[in-house]
Amino acid sequence: MKGFRSLKLSLRFILPLAVVLGVLAYSVVPLVDKLTMRWFVRDMDMRSQLIANTLHDPLAELIGLGNKARINSLLLRAIQDERLLALGYCSDEGTLLYRTPTFPKSISCAAATDDSKAASQILQLPEGAVHVTRHHIIPETGTKGDLILVHDTSFIERRSADTRKYIIGLFVVLGVVTSLVTVFVAHLSWRGWMEGVRAMLKGEGLLKPFTAQGVDSELQPLVGDLKTLMRSMEAERRLADDSTITWSPDTLRKLLHKQLTGEKIIVVSNREPYIHSKIDAGDIEVHRPASGLVTAVEPVMRACSGTWIAHGSGNADRDTVDTNDRVMVPPHQPEYNLRRIWLTQEEEKGYYYGFSNEGFWPLCHNAHVRPVFRTSDWEQYVAINQRFADAVVTEADTDNPVVLVQDYHFALLPEMIRRVLPKATIITFWHIPWPNPESFGICPWRHELLKGMLGSTILGFHTPYHCKNFLETVDRYLETRIEHESSTISRRGQLTMVESYPISIQWPPPWQGTLPPVEQTYGEILSTLGLPTGHLLGIGVDRMDYTKGILERFNAVERMFELHPELVGHFTFIQIAAPSRSALEEYQAFEARLHALEKRINSRFTCGGIPAIILKAEHHEPDQVNRYYRAAQVCMVTSLHDGMNLVAKEYVASRDDERGVLILSQFTGAANELYEALIVNPYHVEQTAEALYQGLTMPEYEQQERMRSMRAQVRDFNVYRWAGRMLLDAARVRQREKLATRIGRES
Ligand code: F6P
């Protein structure tokens, strides 16, 4: 089989070579024939001229004497030369006066001395081809005429045949030698290529430079292409696999245990999934914070179980934990551990409000708010990251736990964990955008932050664009090896894969099949708000944050009323704005501006006691928010810059009636997935106002078409798939690391 393969490989080179050489020989032989003929004719012309010159004087003299016998004898002597076949003398009148006996009868004086023809010509006679030349003889007396020289050309034919044989022989030898050399070189190169590709398939290319494996460096350009190809094949395979499974908690659980056998999941985030607070009469209530992070990660945690480490921010949190600061959650159906970390007010001020939210947050969002960096905040940030890292080490019950680090509060954590647990699988997910290198460059601690993040096994962003920004930032500020084709960064032997994992929500939604019909909820909300039947509703749900574009949204509502006054008194926009980071001046100022704007717009467009805008600046639990989603004809998400924005996906998930219109900012990660939303630039007031009007007047069939398609997208790309993809990639990277260690040991 191997011999057959090698024969096939050889034939692949020899056959085209043979064909090319054959064609060359076929076209070269007539060319050489023509060329030799031309040379010989020129030779014979010269020779004829020489003979004619030699004969001229004696012949002229004999013609003058009219001595026929001596003329014939002279001519006969001259043709002793083997090539000169015959001689003749034609008078100017065209009579053959003298000739050797060999003079061909078929050559007439008329033809030979025809002035219109060349002085030298090849004539085809029945006896064969001859070369004929004529030379004028001018005797002093006697008949003027032409000496005709006839040369035998058969020797040309003979020589041509010989030349042809030599040329063909030369081509055959050339063909054989070239084939042998080509096949030999091809076999050598082929073997080198095969070794190179094999090495790459083993994963060596990703972990070590190819040259280090002794593989031909000429392969380097090919390595990138092959890796890209392999990655896209892998992605396709994964997608094919994905499409055959419905991603559910069960799928995720199985994947975790199969791919990362026996590992324990540890989630680290600043915001905790459940907050315990004291209410009047000393009772304690528990609530879910307004956080996209919590919305996404909580169902994953319930599916995988393990420990979630977070800041205990509720005023009853300490009352509800055990002696190890742990509490089982969710409160009504405990499935995993919540391990709380305590912060003093000063620590919270420096680490959370200061560095994270006055520095990092505006640094990563293009919302025209300037970041503020203080050394005291940075010191707290480092200290708190260390405290969380210590907690991870305490919570880990193996030396290779799977740790999911969440968001910008913990950029230093991956490296801190890696130092103590070098075998840990650290998956860091960045929930907010990543800026371009110039913007990031203004951070005084940019090197420390990047190094910290590169302790991760996987570093996830919402979009490929954020990944690109991150790779470029690392390239600008750190000494690393970046492989763009495989999207990996290698620093001091640590490999980090940077990939986009668009985050999502739980599907099916937790309330599926338990809620009253949309019409009923709509009626209830209208009556709660004191609005008339059939009144149109718009909804916005955000934290009270300047990045969310709430001011721009209100401006668009106002403009819509200006452009379409017929809707005044028939439409109300409800804004839920959960209090957030309100200790910061920037947030306080923003809240004040929002209230002022609401007041101003309502003063213009309240009609018959019906307000244009209802601003609910208070916390709402997920089920309350869900009721508003289901009741509103339009949901507006107008962030000025947002990693993903899960409100957009939650609204889509809530509409099991396949009605409702989503207006979505082009500056959200969600706009890369929910194409059927009305995509707007929130900075453009008229465009957003028109989108709102279009949403309120959109025919039902169009709403249904758009909503159905968006629901399919959210269903197929749910949060279990988001987590599953990261775990799968982490398993692959770990596999490669193991392979690299083994190869390192063996070599
Ligand atoms: O989604 C981005 C994010 O900053 C999360 O990290 C955070 O949980 C959420 O917004 C709310 O912010 P905070 O935790 O500061 O209230």
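Counting starts at 1 for both ligands and their atoms, following the listed order.
Counted by atom type alone, Thr638 and Glu552 present zero donor-acceptor pairs between their side chains at under 3.5 Å.
Arg543 NE, 3.2 Å is the protein heavy atom nearest to atom 11 (C) of ligand 1. Scanning the protein heavy atoms around atom 8 (O) of ligand 1, the nearest turns out to be Ser291 OG, 2.8 Å. For atom 16 (O) of ligand 1, the closest non-hydrogen atom of the protein is Arg271 NH2, 3.2 Å. For atom 5 (C) of ligand 1, the nearest protein heavy atom (residue, atom name, distance) is Asp407 OD2, 3.2 Å.
When His462, His365, Arg581 are ranked by how near their heavy atoms come to atom 12 (O) of ligand 1, first place goes to Arg581.
By the salt bridge (charged side-chain N to carboxylate O under 4.0 Å, His left out) test, Arg630 is found to be paired with Asp656, residues two or more places apart in sequence or in another chain being considered.
Using a 4.5 Å heavy-atom threshold, the side chains of His462 and Pro502 count as separate. Between Ser504 and Arg721, every side-chain heavy-atom pair lies at or beyond the 4.5 Å cut-off.
For ligand 1, the atoms closer than 4.0 angstrom to any heavy atom of His409 are 6 (O). Counting atoms of ligand 1 from 1 in the listed order, those under 4.0 Å from a heavy atom of Leu293 are 6 (O), 8 (O). Against a heavy-atom cut-off of under 4.0 Å, Tyr352 is close to the following atoms of ligand 1: 13 (P), 15 (O), 16 (O).
With values rounded to the nearest 0.5 angstrom, Phe429 atom CZ is found 6.0 Å from Met726 atom CE. Considering CG of Leu363 and SG of Cys443, their distance stands at 6.0 Å, rounded to 0.5 Å.
Tyr336 and Trp308 have parallel rings, their planes meeting at less than 30° on a 0 to 90° scale where 60° marks the start of perpendicular.
Proximity of Gln406 to ligand 1, defined as any heavy-atom pair under 4.0 Å, is not found for any part of the residue.
Residue-to-ligand polar distances keep His431 apart from ligand 1: every N/O pair is separated by 3.5 Å or more.
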